[in-house]
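As structure tokens, the structure follows; a few thoughts come after it.
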Amino acid sequence: MTLHIYNTLSRKKEIFKPLIEGKVYMYVCGPTVYDSCHIGHARSVVVFDVIFRYLKAIGFEVTYVRNFTDVDDKIINRANELGINSSELAEKYIQEFYDDMDALNVERATIEPKATEHIDQIVTLIEKLISKGIAYQVDGDVYFSVNSFQGYGRLSGRKLEDMMAGARIKVDQRKKNPFDFALWKSAKPDEPCWESPWGKGRPGWHIECSAMSSEYLGDTLDIHGGGKDLIFPHHENEIAQSESASGKPFVRFWIHNGFVNINQEKMSKSLGNFLMIKDVLKEYHPEVVRLFLLSKHYRSPVDFTDQFLKEAELGLDKIYALLERIEKATGSGREKEAAAGKSGQGDIWVRFAEAMDDDFNSAQAIGIIFDSVKSINRRLNNKNISSESMQIIKKGYEDILRIGNILGILTESPSVYFAAKKLSGIEKGSIDSDLIDKMVLERSTARKEKDWARADKIRQELLDMNILIEDTAEGTLWTIG
RNA sequence: GGCGGCAUAGCCAAGUGGUAAGGCAACGGUCUGCAAAACCGUCAUCCACCAGUUCGAAUCUGGUUGCCGCCUCCA
């Protein structure tokens, strides 16, 4: 199957072919760095991280640009509140962004440009738009004239006339059309600013993406992504700016991810229910968060609740438990797999790729993992595993690890994963592990003496302490429930 | 008011023309001293509702109802 991608522009799934064979030029709108990243940022970044990894895995050479908006009203306001310099504030949150994303095992984009480092390109682009008569200057501001761009509203399916009818915005009398938007804003006192032909000022929000994408990716991008909310006005305005300047189509495939709700409510300032990534990661393993986020299709809204995260955790445990079982049974480990390279593609990988080829259907792809977990466990349950069966198990192991590599999960060795899980459980529940060990030992002694009553009593006591017991061939293990 | 999206079992969720993946929960079984884990089995004659197109629809069309998002900063 060939890769199909849902294109916001056509509202259809289309066969994906890059403009230049074998190369993909992709731009995704990054954060405005004025506050900590919330779980919604995590979804967007993780979704496009997986898209980036998958495109590379199927053989594309991908140039992926994700920007930082590091100058804007929100940053300035916040910096003023805190009484610090706006660039200090931006720097602080860029660092936090990296901390969060590294924790979430997000790969770095190929290029991660900042708006403030591309003022020259922005000014040049605005000058071009002015010279074409598409942008106009009023006092120290420059506006884009939406009437000058034929296709305005095409991405979001809006018509200017319709929007006028329901206009709820304050009309700035200096604008030719209420929907004209700022390309350049003149500086107020004490605001960060740069020299320009129109006086001191700073770029508007939308222009930086047009300037930086053409700088690094050319006039026509294969893929441009971002959250659904950016469709209007941000991406609509980007199209208007870029196409007006270059005269070429700006983006071939628009990809937009859905929102994250918290307990069925939209995250919003008024509800005060913003869930920050760093706080979520205090409670859950980063791979649990990734597995959760990817278990729904990227375009659908997703509801973030404790229950669903716990389910994702159970699922991740299940996959790691299988990996551990296979490693014990076959003596293989991920070092050996790595050395062997990613030769050969088993059935599981092929099914995974089919799911991903259908508009990056990671939800279906995850279903395939669990399906495989079950069938491999079934093989491992056999007393005598045939060499043929063992080969299938090994191939399954390779495939699952390779899939994990695309989804950004299963990066740890199972023993490390489970040990860390136990340790964090001990810390969170302030559990006295020496005491538990002692009780488990006592129970083992009782079992040896076939004193079942005593053994079961101890197990019940442990259970009351939320400790689960597992008797295996290698001895008794305990985990936190 | 304008534009767009969604509605699948107790819950989560794939499936977009060929007769309902997967996960969680529940129940029965194999295994086990008993458990746990793993596995096996049961769990939607049916996909919000109504009409239509079709040999055939959860999937297409029209309508109804309900929920949600965007139109103002927002991933």
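Atom set for the values below is all heavy atoms of this structure, side chains included, hydrogens, waters and symmetry mates excluded. What you see is a predicted model; the values in this text were computed from it and never measured.
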Measure up the Y320(A) and F418(A) rings against each other and bin them: parallel (under 30°), tilted (30 to 60°), perpendicular (over 60°).
perpendicular

Can you check whether K318(A) has a side-chain N or O nearer than 4.0 Å to OP1 or OP2 of rC24(B)?
yes

Pair of N/O donor and acceptor under 3.5 Å linking rC34(B) base with D471(A) side chain:
yes

Closest approach to the side chain of E470(A), judged atom by atom: which nucleotide of rA36(B), rA14(B), rU72(B) is it?
rA36(B)

Using the C1' atom in both, what is the distance from rC3(B) to rC46(B), to the nearest Å?
34 Å

Tell me which nucleotide among rG33(B), rC74(B), rA14(B) gets nearest to the side chain of D456(A).
rG33(B)

Options rC39(B), rA38(B), rA14(B), nucleotide nearest the side-chain atoms of K374(A):
rC39(B)

Which listed nucleotide (rA75(B), rC11(B), rC70(B)) is nearest to the side chain of F259(A)?
rA75(B)

pi-stack flag for F370(A) and rG22(B), centroid dist under 5.5 Å, interplanar under 30°
no

Is R447(A) side chain donor-acceptor paired with the rG33(B) base, going by distance under 3.5 Å alone?
yes

Only pairs with both distances under 3.5 Å count, Watson-Crick or wobble alike; so what is the partner of rA44(B) in this structure?
none

Can you measure Q460(A) atom CD to rG33(B) atom C1' for me and round it to whole angstrom units?
17 Å

Checking base pairs now: Watson-Crick or wobble, both atom distances under 3.5 Å. What partners rA25(B)?
none

Checking rC34(B), rC73(B), rC11(B) against the side chain of R459(A) (C-beta onward), the nearest is rC34(B)

Where does the angle between the aromatic ring planes of F181(A) and H206(A) fall among parallel (under 30°), tilted (30 to 60°) and perpendicular (over 60°)?
perpendicular

Watson-Crick or G-U wobble partner of rA58(B), both distances under 3.5 Å
none

C1' gap between rG23(B) and rU8(B), integer Å
15 Å

Output yes when at least one side-chain N/O atom of W478(A) is less than 4.0 Å from OP1 or OP2 of rA36(B), else no.
no

Can you confirm whether the side chains of D359(A) and Y298(A) place a donor and an acceptor under 3.5 Å from each other?
yes

Would you tell me if any nitrogen or oxygen in the side chain of K266(A) comes within less than 4.0 Å of OP1 or OP2 on rC70(B)?
yes

Give the ring-plane orientation class for H38(A) versus H41(A), where under 30° counts as parallel, over 60° as perpendicular and anything between as tilted.
tilted

Rounded to whole angstrom units, what separation is found between the CG atom of L291(A) and the P atom of rC24(B)?
11 Å

Atom CG of N261(A) and atom P of rC68(B): how far apart are they, to the nearest Å?
10 Å

Name the closest nucleotide to the D358(A) side chain, picking from rA38(B), rA25(B), rU16(B).
rU16(B)

Nearest-Å distance for atom pair CZ/C1', residues F352(A) and rA14(B):
15 Å

So, E287(A) side chain and L410(A) main chain: donor-acceptor pair closer than 3.5 Å or not?
yes

On the side chain of R378(A), is there an atom forming a donor-acceptor pair with the base of rC40(B) - under 3.5 Å, no angle test?
no

Does the plane of the ring in W205(A) sit parallel, tilted or perpendicular to the ring in H234(A)? Use 30° and 60° as the thresholds.
parallel

Would you say the side-chain atoms of T69(A) and E208(A) include a donor-acceptor pair closer than 3.5 Å?
yes

Does a side-chain N or O from R158(A) land closer than 4.0 Å to OP1 or OP2 of rG4(B), or not?
no

Ignoring hydrogens and angles, answer whether the base of rG69(B) and the side-chain atoms of D229(A) contain a donor-acceptor pair closer than 3.5 Å.
no

Partner of rA37(B) under the Watson-Crick or G-U wobble criteria, both distances under 3.5 Å, comes out as none

Nearest-neighbour nucleotide for the N361(A) side chain, rC39(B), rG15(B), rA75(B) considered
rG15(B)

Separation of the P atoms in rC43(B) and rC50(B), to the nearest angstrom
25 Å

Under 4.0 Å: is that the gap between some side-chain N or O of N257(A) and OP1 or OP2 of rA75(B)?
no

Measure from the side chain of F308(A), starting at C-beta and using heavy atoms only, and say which of rC12(B), rA37(B), rA75(B) lies closest.
rC12(B)

Return the nucleotide paired to rC3(B): Watson-Crick means purine N1 to pyrimidine N3 with N6-O4 or O6-N4, wobble means G-U with N1-O2 and O6-N3, both under 3.5 Å.
rG69(B)

What's the closest nucleotide to the side chain of W205(A) if the choices are rC73(B), rG23(B), rG33(B)?
rC73(B)

Nucleotide of rA75(B), rG23(B), rG33(B) approaching L230(A) most closely (side-chain heavy atoms):
rA75(B)

Tell me which of W452(A) and Q364(A) sits closer to the 5' end of RNA chain B, going by the nucleotide each one is nearest to.
Q364(A)

